[in-house]
Amino acid sequence: MNTLELNALYKSYGAHCALDNVSLSVPSGSRTVIVGPSGSGKTTLLRMIAGFEFPDAGRLSFNGQTLVDGTHEVPAHRRLIGYVPQDGALFPHMTVAANIGFGLATKGTEKQQRIAELMDSVALDAKMAERWPHELSGGQQQRVALARALAQQPRLMLLDEPFSALDTGLRAAMRKMVARLLEDAGVTTILVTHDQSEALSFADQLAVMRHGRLVQSGHPLDLYRYPEDEQTALFLGDAVVMPARIEAGWAHCDLGRIPVNNHRNNRSAQIMLRPEQLQLASILPSDPQDSGCRAVVTDRDFSGNTCTLTVELQPLTSSEQPGRSLLVRSSGMYAPPAGSSVQVSTIGHAHVLSEL
Ligand SMILES: Nc1ncnc2c1ncn2[C@@H]1O[C@H](COP(=O)(O)OP(=O)(O)O)[C@@H](O)[C@H]1O
Ligand SMILES: [Mg+2]
């Protein structure tokens, strides 16, 4: 089965609980991403899987074999798990080639050949072999660390924020390259990041951590569409959250009547839509009011292919209260200018958030 199972793991440092009842199943060959704000316990969890931290309670098994539980513990070097720590942690007194070849059992030409292959697989130029770590850029150092971990032919690869030292363009290219490389090698991967777009694009399973707890896990698209609560929703992207009354599969809210994905009746709840689920159509202020909601564009943030607009809903009654402000994401080229009167409609379902 080759599946990593984390079962009710706990870890405290003094009075601080770094991992609080974490359970997760990592399928063979998957790319699981653990995402969460800084200090949420991501590194602690990876180090525990690698064998550098030990749980206060809980069980960890891989491929049916117990790695650690209350009575038993497989040491890090016998787990066949590759680990690329957050800072790369290259040996500063060794060249690139020596770093990569550090754990290789082979010698002589065979070893040199294997190092060359590994460098090639992470797109490092052969000329870099004799360089020292301090002569490399952050991205090159990360690639050396990755090649060093791959040299062990691990069953599982753990990557702790591997792209954080890279600038945006290189980051996306590296992410694609690493994903392809690990997939070709058939290595199950767990990647840790605090970057939501990186998490959504790399993962086929996404796990969200907060305050040492795993708050939700699943397919990235499901988590983006159906987050458990408002904090998770906002961690994975912009969100429009508003109160509603739920009745017979419909939410009644400031945007009118919207279908919902949750059929619990007759209750008040917070609903969530992603800003790209809101659509704007230009109208003239003098146009007769028909069905739908009217709003005025109060702000426009153009970012090339998309544009994020803030619209203020026209109050339904003629009260003095200003209308609710909402975020709308539309195509960059066709977004209406600030000050325009628009009609707001929605696409798809609204998601009913859990009560906190
Ligand atoms: N060795 C340690 N001793 C004491 N506290 C620690 C230690 N390692 C981590 N922590 C604490 O545990 C929490 C989780 O840390 P960490 O796993 O590094 O979070 P993340 O990687 O999500 O930023 C933090 O509050 C951190 O300060
Ligand atoms: Mg960390």
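Quick note: residue numbers are just sequence positions, from 1. Both ligands and their constituent atoms are indexed starting at 1 by order of listing.
Considering both main-chain and side-chain atoms, Gly41 comes within under 3.5 Å of ligand 1 through a nitrogen or oxygen pair.
For ligand 1 and Pro37, the ligand atoms under 4.0 Å from any heavy atom of the residue are 22 (O). In summary, the atoms of ligand 1 found under 4.0 Å from a heavy atom of Ala18, numbered by their order in the structure, are 12 (O).
Protein heavy atoms are found inside the 4.0 Å sphere centred on atom 14 (C) of ligand 1. In this structure, atom 27 (O) of ligand 1 is not in close contact with the protein, since no protein heavy atom lies within 4.0 Å of it.
From the protein, the heavy atom lying nearest to atom 22 (O) of ligand 1 is Lys42 NZ, 2.8 Å.
Pairs engaging residues 97-107 under the side chain to side chain donor-acceptor pair (under 3.5 Å) rule: Asn99-Arg148 [sequence neighbours left out].
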Fill in: From CA spacing to verdict: side chain to side chain donor-acceptor pair (under 3.5 Å), Arg210, Thr232
CA-CA 9 Å; Arg210 218 160 49 225; Thr232 307; 3.0 Å; yes
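Only side-chain heavy atoms of His16 come within less than 4.0 Å of ligand 1; its backbone N, CA, C and O stay farther off.
Here the shortest heavy-atom pairing between Ala8 and Ser23 reads N-OG, 2.8 Å.
Among the atoms of Thr43, an N, O or S atom is found under 2.8 Å from the Mg ion (ligand 2).
Under the salt bridge (Lys or Arg N to Asp or Glu O under 4.0 Å) criterion, Arg31 pairs with Glu183, sequence neighbours left out.
Taken to the nearest 0.5 Å, the CD atom of Glu312 stands 12.0 Å off from the CG atom of Asp299.
With a 6.0 Å radius and a threshold of 12 heavy atoms from other residues, nucleotides or ligands, Arg114 has its CZ atom above the threshold.
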